[in-house]
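Protein chains get the first letters and strands the later ones, always in sequence-line order, with residue 1 at the start of each.
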Protein chains: 2
Amino acid sequence: MPEGNFYKKPCTNPNKNFRGATRELARYAKAMGHPARIKILRFLSQAEFCYTGDFVEVLPMAQSTVSQHLKELKDAGLIIANEQPPRVKYCINHEVWERAKWLFYEFFDMLDKPDQDRTTEQ
Amino acid sequence: MPEGNFYKKPCTNPNKNFRGATRELARYAKAMGHPARIKILRFLSQAEFCYTGDFVEVLPMAQSTVSQHLKELKDAGLIIANEQPPRVKYCINHEVWERAKWLFYEFFDMLDKPDQDRTTEQ
DNA sequence: GTGAATTATCGTATATTTGCAATGAATTTT
DNA sequence: AAAATTCATTGCAAATATACGATAATTCAC
């Protein structure tokens, strides 16, 4: 790097400059951005609840990796973990699920209703 | 690493072992997994078409970064680029948009209709 | 108490993502 | 033709994501 060139360290935090529904929708989309996590959610939505081992049986990856994906979905709020040692019971977080559902619906309806009131936009 | 420990190089390709609608949905979700890309899509869906510069004006990031996000949306198929040098015109890819919309709708309806026929599942 | 079962976490390796500045290519303006 | 405009691409740095094996913590069975 040449003398006097003050390289500005880039900020790689995607959410830093975004707010509201845009940020929220992106958060849920990101959590759904891996096929394993989609499959977990599909599986869960049909089973009422599942243990970690149930997912491990179904997914083509190591137990530790499955656990990591479960953590991401939990962090996004889409699922809830209920400790029943030594097992952990997972289920859909219905409240958040409905919120995400609504955000996606509203988002995709944009093209159909171009002039509707968008109170949730950033 | 100890002698005789054959470390298996992990494969970090998320799509390797997944197929069908699960993979497809994750693809669109991932493309939507950044607030800037959500905002681009929102913006586009209300403007019929936009040039790159329109997005740069609106988004809190450098032109090169915006260009990168546009490329990701284009690679996912959600938008179409139309070269009109020196400018580039972007618009929604309606066919893919409707496909993504349908996939998300079907996905989120899972909880409401637990016993419906799921012909698109992996 | 010992051992099996279950699962999160840690350590590590690799790949991808995010961001910016700088550059190059193509067109338009002057 | 020279300069300005527009935008993708390249090069680089930092952060995050993905994956695995190993380990630790916890309960249950014996």
J.: Which ones in residues 24-36 of chain B lie close to DNA chain C, meaning a heavy atom under 4.0 Å from one of its atoms?
T.: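 Contacting residues: Lys30(B), His34(B).
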
J.: In whole angstrom, what separates Glu83(A)'s CD from dA25(D)'s P?
T.: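 Atom-to-atom, Glu83(A) to dA25(D), this comes out as 15 Å.
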
J.: Can you measure Gln68(B) atom CD to dT17(C) atom P for me and round it to whole angstrom units?
T.: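 Those two atoms, CD and P, are 10 Å apart.
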
J.: Side chains of Glu24(B) and Arg99(B): does their closest heavy-atom pair fall under 4.5 Å?
T.: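 Yes, at least one pair of side-chain atoms sits under 4.5 Å.
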
J.: Nearest-Å distance, CG (Asn82(B)) to C1' (dC7(D))?
T.: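 So the two atoms are 14 Å apart, to the nearest Å.
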
J.: Return the set of residues passing side-chain hydrogen bond (donor to acceptor under 3.5 Å, both in side chains) with Tyr105(A) (not counting sequence neighbours), or none when no residue passes.
T.: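 Counting only residues at least two positions away or on another chain, Tyr105(A) forms a side-chain hydrogen bond (donor to acceptor under 3.5 Å, both in side chains) with Asp109(B).
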
J.: Side-chain N or O of Arg87(A) versus OP1/OP2 of dA4(C): is the shortest distance under 4.0 Å?
T.: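 No, outside the criterion.
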
J.: Heavy atoms only, 4.0 Å cut-off, all strands: where does Glu72(A) land among base, sugar-phosphate and nothing?
T.: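 Sugar-phosphate, no base atom in range.
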
J.: Figure out the CG/P separation between Asn15(B) and dA15(C), and round it to whole Å.
T.: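 Nearest whole value for this atom pair: 16 Å.
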
J.: Contacts to DNA chain C from residues 49-63 of chain B, heavy-atom cutoff under 4.0 Å, which residues?
T.: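 Residues of residues 49-63 of chain B that come under 4.0 Å of DNA chain C are, in numerical order, Met61(B), Ala62(B).
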
J.: In Å, rounded to the nearest 0.5 Å, how long is the span from CE of Met110(B) to CG of Leu44(A)?
T.: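 Reported value, rounded in 0.5 Å steps: 9.5 Å.
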
J.: Anything under 3.5 Å between a protein N or O and an N or O of nucleotides 26-30 of chain D, put it in a table, one pair a line.
T.:
unit_1: dT27(D); atom_1: O3'; unit_2: Pro85(A); atom_2: O; d: 3.3

J.: Could you tell me the separation between the CD1 atom of Ile40(A) and the P atom of dT7(C), rounded to a whole number of Å?
T.: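 So the two atoms are 13 Å apart, to the nearest Å.
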
J.: Residues in ring pair (Phe, Tyr, Trp, His ring centres under 6.0 Å) with Phe107(B), at least two apart?
T.: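 Per chain and number, Phe107(B) pairs via ring pair (Phe, Tyr, Trp, His ring centres under 6.0 Å) with Trp97(A).
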
J.: Report the distance from atom CD1 of Ile38(B) to atom CE of Met32(B), rounding to the nearest 0.5 Å.
T.: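 So the CD1 of Ile38(B) and the CE of Met32(B) are separated by 4.0 Å.
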
J.: Strictly below 4.0 Å: does Thr65(A) bring a side-chain N or O up to OP1 or OP2 of dA19(D)?
T.: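 For Thr65(A), the contact criterion (side-chain N or O under 4.0 Å from OP1 or OP2 of dA19(D)) is not met.
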
J.: Over how many whole Å does the gap from Lys71(B) atom NZ to dG19(C) atom P extend?
T.: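 Computing the Lys71(B):NZ to dG19(C):P distance gives 16 Å.
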
J.: Find the distance Ile79(B):CD1 to dA8(D):C1' and express it as a whole number of Å.
T.: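 One finds 13 Å between C1' of dA8(D) and CD1 of Ile79(B), rounded.
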
J.: Output the rest of the hydrophobic cluster of Tyr51(B): all Ile, Leu, Val, Met, Phe, Trp and Tyr residues reachable through side-chain heavy-atom contacts under 4.5 Å, sorted by chain and number.
T.: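 ILVMFWY cluster around Tyr51(B) also holds Phe49(B).
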
J.: Output the distance between atom SG (Cys50(A)) and atom CZ (Phe43(A)), rounded to the nearest 0.5 Å.
T.: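 Here the rounded value is 5.0 Å.
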
J.: Can you give me every donor-acceptor pair (side chain of residues 76-92 of chain A, partner residue at least two apart or in another chain, under 3.5 Å) with its distance?
T.:
none

J.: Kindly write out the residues that satisfy side-chain hydrogen bond (donor to acceptor under 3.5 Å, both in side chains) with Lys30(A), not counting sequence neighbours, or none if the list is empty.
T.: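 With neighbours one apart ignored, the set is empty.
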
J.: At less than 4.0 Å, is any side-chain N or O atom of His69(A) found next to OP1 or OP2 of dA17(D)? Yes or no.
T.: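 False: His69(A) side-chain N/O out of range (4.0 Å or more) of dA17(D) OP1/OP2.
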
J.: Assess whether a salt bridge exists between Glu106(A) and Lys101(A), defined as any Lys/Arg side-chain N lying under 4.0 Å from an Asp/Glu carboxylate O.
T.: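 So Glu106(A) does not pair with Lys101(A) through a salt bridge.
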
J.: Counting only pairs under 3.5 Å, give me each side-chain donor-acceptor contact of residues 62-75 of chain A, with atom names and distances, residues two or more places apart or in other chains.
T.:
unit_1: His69(A); atom_1: ND1; unit_2: Arg37(A); atom_2: NH1; d: 3.0
unit_1: Lys71(A); atom_1: NZ; unit_2: Asp75(A); atom_2: OD2; d: 3.2

J.: Could you tell me which residues satisfy ring pair (Phe, Tyr, Trp, His ring centres under 6.0 Å) with Phe104(B), sequence neighbours excluded, listed by chain and number?
T.: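 Here the qualifying residues are Phe104(A), Phe108(A).
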
J.: dT17(C) P sits how many Å from Leu70(B) CG, rounded?
T.: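 These atoms are roughly 16 Å apart.
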
